[in-house]
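Worksheet: one structure, shown below.
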There are 2 protein chains.
Amino acid sequence: MPAPILSKDEVLDRLLNTFRDRGYEGASLAELSAATGLVKSSLYHYFPGGKQDMAEQVMAHLDRQLAANLYGPLRSALSPAKKLGAMLDAIEAFYEGGRKACLFERLSASVDRAHFRRPLRRAFMVWMDAIEAICLEAGLSKAVARVRAEDVVVRVEGALIVCAGTGDYSVFARTIKDLRASVLAPSRAAHRA
Amino acid sequence: MPAPILSKDEVLDRLLNTFRDRGYEGASLAELSAATGLVKSSLYHYFPGGKQDMAEQVMAHLDRQLAANLYGPLRSALSPAKKLGAMLDAIEAFYEGGRKACLFERLSASVDRAHFRRPLRRAFMVWMDAIEAICLEAGLSKAVARVRAEDVVVRVEGALIVCAGTGDYSVFARTIKDLRASVLAPSRAAHRA
DNA sequence: GTCTATAATAGGATAGAC
DNA sequence: GTCTATCCTATTATAGAC
């Protein structure tokens, strides 16, 4: 009865990376097994529901990580501008400047997307709600704050696609830079260079 | 020796739709066969290289369609504003208001993405070049035109992801509406409501 | 140019030992 | 909790008739 090699969190981190790199269909059990160092049967011990179960638990894992390391700290006394800056720093790091894909995008595009609909919708909503809260704190109206929050997520996700498609990662850097300057700008005022 | 049921273009249209709906890995030969009404062996007659060959030919097919129906007409004497409007009309129709995915995104995210790299990069570049040309014609500087062109593609692709993830298609409509108003706006001037 | 039939393999999943 | 061994099905792909 060997002891666990990796903690559950470490296993989930490895699975997260594999799903991001290969996509849901693209990540075979053989690859998920190699990434974790666990043979298939061991994976089924952790994830009785198979690959769907893995994806669901990986989403929940990422939700917890984001709540602890990103959304939590955002409830501090920092200025809205500093909070936005911190979020965009985290986004640049997490996506490695546009080189790593978004788990939620990968699962949204999967054939099993119907199974993941609720947690996916929730994940996008939590993200947008956090940005909206910063915008409101900065004095923007509710309507403008919501649109700005949606726009941040739209542009981050879009930049990831364009970078993956073109191989030109400057698009991601430029998009983040533009968001830093524009998201909290007063409404009906100048926004673009 | 039965005659062909569908023209090659019709077959390519059906395959295009299947790849958009199911993704590259998600689209099995069984589904591609059902979508075209051709049994697997017949598909191999048209596409000796199998699924990769199908994806490559579908990309080339879409390139031709876009050149004929979108980029071609854009070389007319219409005003830049009308050209942009026509492109955004076509985008709204092609993506069915955010309900249908982008082929290029699907293939960029596939496990075989390395095989499709060149045509994918080309497809994104041709799209952005067309937008850039409209921006230049409207009097924007080269640098601003390029950034605006990248931004259009980023926001369209991102809106598709957010719509798929949240099920809220108003994001796509709002994004297109915002692009209609902002892409050709004079630089360093007001841009956002 | 389309078909039926089949091969060959990879995929997800399970049983049961230790 | 991890392993070896196996099962079953789906998947890609090919052969060859008409």
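Only a predicted model underlies this, so the values are computations on that prediction, with no experimental measurement involved. Note on naming: letters A, B, ... go to the chains in the order of the sequence lines (proteins, then strands), and numbering restarts at 1 for each one.
- The environment of A/R122 atom CZ is sparse: at most 12 non-hydrogen atoms of other residues, nucleotides or ligands sit within 6.0 angstrom.
- When the nucleotides C/dG1, C/dT14, D/dG1 are ranked by their closest atom to the side chain of A/Y44, C/dT14 comes out on top.
- When heavy atoms are screened at a 4.0 angstrom cut-off, A/K40 is found touching base atoms of the nucleic acid.
- Whole-Å rounding puts the A/K51 NZ to C/dA10 P distance at 16 Å.
- Both A/V126 and A/V154 are members of a single hydrophobic cluster when ILVMFWY side chains are connected at heavy-atom separations under 4.5 Å.
- For B/Y24 and D/dT12, the OH to C1' distance is 11 Å, given to the nearest whole Å.
- Rounded to whole angstrom, the span from the CD atom of A/Q52 across to the C1' atom of C/dA13 amounts to 13 Å.
- If you check distances only, the side chain of B/S41 does reach the base of D/dT14 with a donor-acceptor pair under 3.5 Å.
- Figure legend: cation-pi geometry between A/K51 and A/F116 absent, as NZ or CZ is not positioned both under 6.0 Å from the six-membered ring centre and within 45° of its axis.
- At a threshold of 4.0 angstrom between heavy atoms, the contacts of A/S42 include nucleobase atoms, whether or not backbone atoms are also involved.
- Following rounding to the nearest Å, A/L29 (CG) and D/dC3 (C1') show an atom-to-atom distance of 16 Å.
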Q. Dot-bracket for DNA chain D: what is it, with Watson-Crick or G-U pairs under 3.5 Å, [ ] where a pair crosses earlier ones, and | for a pair to another strand?
A. |||||||.||||||||||
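- Taking only side-chain atoms of B/V39, from C-beta outward, the nucleotide of C/dT2, D/dA13, C/dT4 with the closest atom is C/dT4.
- Protein atom NE2 of A/H45 is 15 Å distant from nucleotide atom C1' of C/dT14, rounded to whole Å.
- Atom CG of A/D112 is separated from atom C1' of C/dG11 by 14 Å (rounded to the nearest Å).
- Between the C1' atom of D/dT12 and the CD atom of B/E25 lies a distance of 13 Å, rounded to the nearest Å.
- Across A/P73 and A/L70, no two heavy atoms sit closer than the pair CD-O, 3.3 Å.
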Q: Could you please spell out the steps behind the side-chain contact (heavy atoms from CB on, under 4.5 Å) verdict for A/K142 and A/E132?
A: CA-CA 8 Å; A/K142 167 83 180 159; A/E132 183 187 324; 2.5 Å; yes
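- As a whole-Å value, the separation of B/D53 CG from D/dT12 P is 14 Å.
- A/K82 NZ: 12 or fewer foreign heavy atoms inside a 6.0 Å radius.
- Relative to the six-membered ring of A/F94, A/R20 meets both conditions, a distance below 6.0 Å and an angle of at most 45° to the axis.
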